[in-house]
Amino acid sequence: MQMVKLVHASKQTLRFDFLVTGIFVHRRISIPKLAGSYREQEPLPSSIYVPYSQLQLRKLLELQVISFLHGCTNINQIKQVHALLFRKDLHQCCYVVTKLIRMLTKLEVQMDSYPRLVFRQVKHPNPFLWTALIRGYALQGPFSESVRLYNCMRKEGIGPVSFTFSALFKACGSVLDVTLGTQIHAQTIWIGGFASDLYVGNTMIDMYIKCGLLDYGRKVFDEMTERDVISWTELIVAYARTGDMKSAGDLFDGLPMKDMVAWTAMVTGYAQNAMPRKALEVFEQMQDAGIEVDEVTLVGVISACAQLGASKYANWIRNIAENSKFRPANNVVVGSALIDMYSKCGNVEDAYKVFERMEERNVFSYSSMIVGFAMHGRAHAAIELFFEMLKTDTKPNHVTFIGVLTACSHAGMVDKGRQLFATMEKCYGVSPNVDHYACMVDLLGRAGLFEEALQLVETMPMEPNGGVWGALLGASNIHGNPDVAEIAASHLFEFEPDSIGNYILLSNTYASAGRWSDVSRVRKLMREKKLKKNPGCSWVEAKKGVIHEFFAGDMTHPESSQIKKALEDLIERLKAVGYQPNLSSVPYDVTDDQKRRVLMTHSEKLALAYGLLSTDAGSTIKIMKNIRICEDCHIVMCAASKVTGRKIVVRDNMRFHHFLNGTCSCGNFW
DNA sequence: ATAGGGTTAG
């Protein structure tokens, strides 16, 4: 006679209905209390105390064992539970063994070893047990084994369940085998309507997306009879990753149950597609909608603020992070993102403050800080931090080395760079990839060691890419070496035929050598390819963090006449202390007088003049620029920092220059 | 069981 009915079981609690004089009474019992003997639970009034049926005793035992399994943190503990199964005669129970195999998978135990053995001991595996094994192979490979097991299972006459298909699609997604994926897709249709199962549909979408067939994924989505927020989010993310924020946004607008993950997907989607303002907009809408924000959301917004490069936003999001549950000091990911953001906003000091306060640091935190120092020309700080990192348990990775090598490169530390590059594999276990070679070419090229740079390109163990040739072209431009520039450009145009900057670099290199016919040849090439020069543009942060934008020769600003006057005054003061316009900074074949006039229209000079006009004396002037700062403007910035006593920070497309008291942090080497 | 995240170069 069954007088106790188990109505619900979760990890922590069991819920029973007790039959008490004709009515059912609910009771909840927590599993920890049941550990040991289930007869020794809290005593119940004798009037309602009833013996469990055999069936329920067994069910309880199963649940108890499973709760043990959930508590296991290593394989030995699981082996103990496994031994227990034999003692309690549960070793043939598919339900428990399935959980055991899942736990082994979670602990990343090799499927071929122990899990396979456990599976073989069960005489009549049910579909769930088969699936646990198939899923294990789907997660860690070899993926062909998943498929082989699936076929075995079918041959044994055992039908798949929805989990089985999920596991198989995962395997197909991992090896990008869309042919097999499509076959299995077909099977979900003809074997008992699995195609309409929500989970099967979602994993199918994921598989098609991983294989690069977004349209197929969309088709599955459109044909699904039931969808949840995960189906939508999968597609939104896929559109965002291909850069199609329009489709992502349309989907998101139509999503009836927007949750935190879906909102976050939109925020990071905009951030990763270089639309930081849209990202902030969505983040604000998200907060207005009363949606909770977590660390992933924060990281997306932080990345957007890094792109905006303005202290105003940087401090704003930092405050939000500090007041959240994910404080940068306690959260490595948020902390590392903030380090990167502050570095990109021109604020290495704040970046380092965040770094210092972090309780835990990983390779991201160190690398971000090292790259930050490198960007700001603080080569010694970068290298010092690198050696400090080596003293910890944190191992450097390829990005860390990109950081130290660029640090050496921007500071002209050729020997140090060569030495680090030579030992990176032997001493630190990071084998140089093509990007590290590009750094070395940059390092040697900037130092004017063209022969060595070319030799490195010829002997490198992999094919040089656009980055390598680009570094060589950039160095040729700095040193005015049109012969090497020609070599670099001829290769570079194969990789990046439409990148305008490369043509301009080549043309400028010819110009600096006075080879005007070559200049017009390149100009003609650019016209034929219909490439437009992207105009030089600068931003400056005025009072209250308001950003003002200036193009070269731009007179549309409402205060243009004052700006022009301020610039003229400044230049007069600089001339008084010996400033001479650097005419070779103008790559056009025009008269010196015209060159002087062109130089005065450069956008960073306008930005500087406006900065002087609009900010308080004593505050730092922060200028951002979309292309490389020119020689003449660099000289002006140096001199202006001395004459005006202001600190000036300029971010060009590559790095930061800190001008103070007449000198630049780059040491005139950039 | 399926969904969102941080560092990279000329």
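Every chain is numbered from 1 and lettered A, B, ... according to where its sequence line falls, protein lines coming before strand lines.
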Quiz prompt | Which nucleotide in dT7(B), dG5(B), dT2(B) has an atom nearest any side-chain atom of E234(A) | solution = dT2(B)

Practice problem: Have a look at S166(A) and say if it touches a base, only the backbone sugar-phosphate, or nothing, with a 4.0 Å heavy-atom cut-off. | Solution: base

Quiz item: M224(A) has an atom CE; how far is it from atom C1' of dA3(B), in whole Å?
Solution: 12 Å

Quiz prompt | S303(A) (side chain) donor-acceptor with V299(A) (main chain) under 3.5 angstrom | solution = no

Practice problem: Please identify each residue that fulfils side-chain contact (heavy atoms from CB on, under 4.5 Å) with T105(A), with sequence neighbours left out. | Solution: I101(A), M111(A), R135(A), L139(A)

Practice problem: Just call it for V332(A): base, sugar-phosphate, or nothing, with non-hydrogen atoms closer than 4.0 Å on any strand. | Solution: base

Quiz item: Of the nucleotides dG6(B), dT8(B), dA1(B), which has the atom closest to the R135(A) side chain?
Solution: dA1(B)

Quiz item: Checking K258(A) against F252(A): charged group under 6.0 Å from the ring centre and within 45 degrees of the axis?
Solution: yes

Exercise. Would you confirm whether S146(A), through its side chain, and A138(A), through its main-chain N or O, come within 3.5 Å as a donor-acceptor pair?
Key: yes

Practice problem: Check every strand shown and say whether N477(A) touches a base, only sugar-phosphate, or nothing at a heavy-atom separation below 4.0 Å. | Solution: nothing

Quiz item: Quick one: which of dG4(B), dG6(B), dA3(B) gets closest to the side chain of S336(A)?
Solution: dG6(B)

Quiz item: Within the structure shown, what part of the strands sits under 4.0 Å from K344(A) by heavy-atom distance: base, sugar-phosphate, or nothing?
Solution: sugar-phosphate

Practice problem: Give R655(A) one of three labels, base, sugar-phosphate or nothing, depending on what nucleic acid heavy atoms sit under 4.0 Å from its own. | Solution: nothing

Self-check item: Nearest to side-chain heavy atoms of T264(A), which nucleotide of dG4(B), dT2(B), dT8(B)
Solution: dG4(B)

